[in-house]
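Heads up, the thing below is written out as structure tokens.
Being a predicted model, the structure only gives us computed values, none of them experimental. When a ligand or atom number is given, it counts from 1 through the structure's own listing order. Scope of the values below: all heavy atoms of this structure, side chains included, with no hydrogens, waters or symmetry mates.
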Amino acid sequence: MGARPLSNKFLRGVGASSGVITGRAFLVDRSKLRLPQKKIDSAHVGREVDRFLKAIQQSRQQLKEIKEKILDPGVRHHAFILDVHLMILDDEMLIENTLDTIRKKKVNAEWALDLTLEKLDAAFHAIEDEYLKERRNDLQYVSGRIFRNLLGKKHDDITRIRGNVIVVARDLSPADTIQMNLNHVAGFITDLGGKISHTAILARSLNIPAVVGLEVATSLVNGGDLLIIDGETGEVVINPTQEISRSFLERKRRIRLLEREALKYASLPAETRDGVRIRLQANVEMPEELSVLKQYGAEGVGLYRTEILYLNRETLPDEEEHYQAYRKLVEGIYPALATIRTLDIGGDKFLPNYPKGNEANPAMGLRAIRFSLKEEEIFKVQLRGILRASVHGNLRIMFPMISGIEEIRQAKGVLEEVKKELLRSKIPFNSEIKIGAMIEIPSASITADVLAREVDFFSIGTNDLIQYALAIDRVNELVSYLYEPLHPAILRIIRGVVRAGEQQGIPVAICGEMAFEPAYVMILMGLGLQEFSMKPSSIPKVKKMLRMSRFEETRDLAEEAFRCSTAAEIETYVRGWMAERFPDIYIPPYGRKVKA
Ligand code: PEP
Ligand code: MG
């Protein structure tokens, strides 16, 4: 934690979720505490045992209180994680081992607990304790709490956050983000993470301004510091001067004004001036987002991320839960179409009760469709839920991380089995349900012409496509500057996929983050894309701009982009193009350095 109060200190990270805000820093301190290591004499063993047991008791009490205070039903649903923490506090190995160490080694409670944790850490690898092995992070979190109680230090419960604060943390998991009492958090900044990490995506979906990948935020910021964060540019100012404050707030005012004005376009058709109809759909990952789709003028859901149903809970969702969730979705947006993506677990999202294994490269590991095909029963439960919901509205199924035709065939095979089971049980479903593949792995894009014969639609997932095509880990802040949506390779890949779709007569949508930056949308339209899925709040501004454009001119824009040889050149060109056409409403992100 920072000790010296800084003044007007600028930091630059990765803008993860737009919005310019000011607020007081609330430090979520998960850094390693300095633990006193003391040898004790026999007379003090009893005292250390008592201290340890008291710290356990306090921790238990605190967790119970936090749990009781979660009022938000949406957050409450995920409160099981606190039960897991309470169970760890009862773990015999943790308690007995520590008490034993105090007694036998004659060391203070902090040291004894640390030694126990070292042992348990080894156990994670040696698979001695299955229960704890799967909960290494939880164990760290709980032990941090015990240590703090032993040391009489304050806690940093995300769930307790009140007021207009900016959370400052080394990292936040999607689970942390869910645990925040969202109504009270103005924004967050983290040392780790990249723009396309799931935590960042969650922040964007919830419209919480966020900057990630700052590397040093937790070491420079003190609790209570005044912060300004620009979630678009990635800039953070610690204790800004009044002048700096004013210019930031002016930008904030402009963005807000433009967003409010754009709302007028929400209910108008997404149509270019030369009459080309574009479909603007919404990406949805939290059920709460459904309520705002109409307000933003979304024409259906182009990507329903189903992971949220599986995360932050101890058991897997059953068929009924799936069915109810998807039914609510399709009924809520009827008659528009919902695209339900099957589970995309792995990468940076893990099932709480599934041993992670020792994957060196989880992004290239047992993720998404690979997981579903390996864990066929889990897959079938979800497919049954989706099929049952299909009679209540319009939905289609999308498989994530398809790398080649065998996976599609296999996935379709499982779907056929599930259909047969439902038929046998006389459970109704839409037998004509459409099947699509996400194109987010280079091998899929290269063989798009072949894949197009097996599916009814494609949706290009640029978040992963860029990651895999450019070899840029989407959650690694050290290489986030290389994450370039306008890289000539990416534009060529997208053009190839669009052409393959056209040749086979199947629609091609795009649902990665790239689809909500207006300048990128213009190029993508020029490449022939007419179906976009994006975070709901971006729809009005994109709609406004495309209604002011001609489809033909976007073709020229794309052509010009293909004449450039670097992402920077393309970016410069497209920004100039945007500034010329939309002088009053285009606010370029200043995240990338662009030559004038
Ligand atoms: C993508 O990869 O572009 C995508 C939309 O999927 P996710 O971000 O959920 O991996
Ligand atoms: Mg993806």
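Using a non-hydrogen distance threshold of 4.0 Å, Gln467 does not register as a contact of ligand 1. Put simply, no part of Met398 is less than 4.0 Å from ligand 1, judged by heavy atoms. Ligand 1 has no atom lying under 4.0 Å from any heavy atom of Glu513.
Within ligand 1, counting atoms from 1 as listed, the ones closer than 4.0 Å to a heavy atom of Arg305 are 4 (C), 5 (C), 6 (O), 7 (P), 8 (O), 9 (O). Residue Arg341 approaches ligand 1 through these ligand atoms, each under 4.0 Å from one of its heavy atoms: 4 (C), 6 (O), 7 (P), 9 (O).
Counting heavy atoms from C-beta outward, Glu321 and Leu309 have side chains that stay 4.5 Å or more apart.
Taking 2.8 Å as the threshold, Asp344 does not count as a candidate ligand of the Mg ion (ligand 2), since none of its N, O or S atoms lies below it.
Atom OD2 is the N/O/S atom of Asp464 found closest to the Mg ion (ligand 2). Atom OE1 is the N/O/S atom of Glu440 found closest to the Mg ion (ligand 2).
Shown here is Lys434, whose NZ atom has no more than 12 heavy atoms of other residues, nucleotides or ligands within 6.0 Å. For Lys328, the NZ atom is loosely surrounded, since the number of other residues' heavy atoms within 6.0 Å does not exceed 12.
In this structure, Glu320 pairs ionically with Arg388, as a charged nitrogen and a carboxylate oxygen lie closer than 4.0 Å. Glu502 has no carboxylate O lying under 4.0 Å from a charged side-chain N of Arg499, or vice versa, which leaves the two without a salt bridge. The pair Lys535-Glu513 fails the salt-bridge criterion, with no side-chain N (NZ, NE, NH1 or NH2) lying under 4.0 Å from an Asp/Glu carboxylate O. Glu571 and Arg575 are joined by a salt bridge, as a carboxylate oxygen and a charged side-chain nitrogen come within less than 4.0 angstrom of each other.
Formation of a donor-acceptor pair under 3.5 Å by the Ser403 side chain with backbone atoms of Ser443 is not found in this model.
Neither the backbone nor the side chain of Met514 comes within 4.0 Å of ligand 1, counting heavy atoms alone. Contacts between Leu303 and ligand 1 below 4.0 angstrom, taking non-hydrogen atoms only, involve the side chain exclusively.
Looking at ligand 1, you'll find an N or O of Glu440 within less than 3.5 Å of one of its N or O atoms.
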